[in-house]
**Student:** 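Starting off with a structure, shown below.
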Amino acid sequence: MKRYTYLGDRITDPTLKGQDCAAVLQKNGKCIRGKNGSMLVQFDSGRRAVVIGRLLRKISQ
């Protein structure tokens with residue numbers, strides 16, 4: 001599973017800043033990405049959100 005830390009920006013919900021999340025995958029194993037660089041992720045709390053891909057940092061495992 002692909003894990004990321006979401007950095008957020010000044011208009012991001014403060015509860016999401018700095019939280020770990022996992023990419024929501026399609027059936028073929030690829031991440032769900034939008035045409036504008038956004039990405040669908042699921043946070044550890046269970047909340048799903050579309051976030052800006054540039055603000056995600058991969059967690060090395």
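In what follows, every heavy atom counts, from backbone to side chain, and hydrogens, waters and symmetry copies are set aside. Since this is a predicted model, take the numbers as computed values, not measurements.
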**Student:** When rounded to the nearest 0.5 angstrom, what is the spacing between CG in L16 and CG in L55?
**Tutor:**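 Output value for this atom pair is 12.0 Å.
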
**Student:** Report the hydrophobic cluster partners of L40, with the cluster defined as I, L, V, M, F, W, Y residues connected by side-chain heavy atoms closer than 4.5 angstrom, directly or transitively.
**Tutor:**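 Taking Ile, Leu, Val, Met, Phe, Trp and Tyr as members, L40 shares its hydrophobic cluster with V24, I32, V50.
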
**Student:** Which atoms form the tightest heavy-atom contact between A23 and M39, and what is the distance?
**Tutor:**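 Closest approach of A23 to M39: CB-CE, 3.4 Å.
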
**Student:** Strictly by salt bridge (Lys or Arg N to Asp or Glu O under 4.0 Å), give each pair with a member in residues 49-59 just once, sequence neighbours left out.
**Tutor:**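 Listed by first then second residue: nothing to list.
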
**Student:** Is there a side chain to side chain contact (heavy atoms under 4.5 Å, CB included) between S38 and V51? Walk through the geometry before answering.
**Tutor:** CA-CA 5 Å; S38 58; V51 297; over 6 Å; no

**Student:** By side-chain contact (heavy atoms from CB on, under 4.5 Å), which residues pair with R3, not counting sequence neighbours?
**Tutor:**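 Per chain and number, R3 pairs via side-chain contact (heavy atoms from CB on, under 4.5 Å) with D20, A22, D44, I59, Q61.
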
**Student:** Once rounded to the nearest 0.5 Å, what's the spacing between atom CD1 of I52 and atom CG of D9?
**Tutor:**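 CG of D9 is found 5.0 Å from CD1 of I52.
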
**Student:** Which heavy atom of T5 sits nearest a heavy atom of G18, and at what distance?
**Tutor:**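 Minimum heavy-atom separation between T5 and G18: CG2-O, 3.9 Å.
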
**Student:** Of the non-hydrogen atoms in D13 and R47, which two are nearest, and what is the gap between them?
**Tutor:**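 Residues D13 and R47, closest heavy atoms: OD2-NH1, 3.0 Å.
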
**Student:** Testing the basics here: between C31 and Q26, what is the closest heavy-atom pair and its distance to 0.1 Å?
**Tutor:**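 Nearest heavy atoms, C31 then Q26: O-NE2, 3.9 Å.
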
**Student:** Any side-chain heavy-atom pair from S45 and T15 closer than 4.5 angstrom?
**Tutor:**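 Contact flag for S45/T15 side chains = no.
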
**Student:** Taking all heavy atoms of R10 and all of K17, pick out the closest pair and write down the distance.
**Tutor:**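 Looks like CA-NZ, 4.2 Å.
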
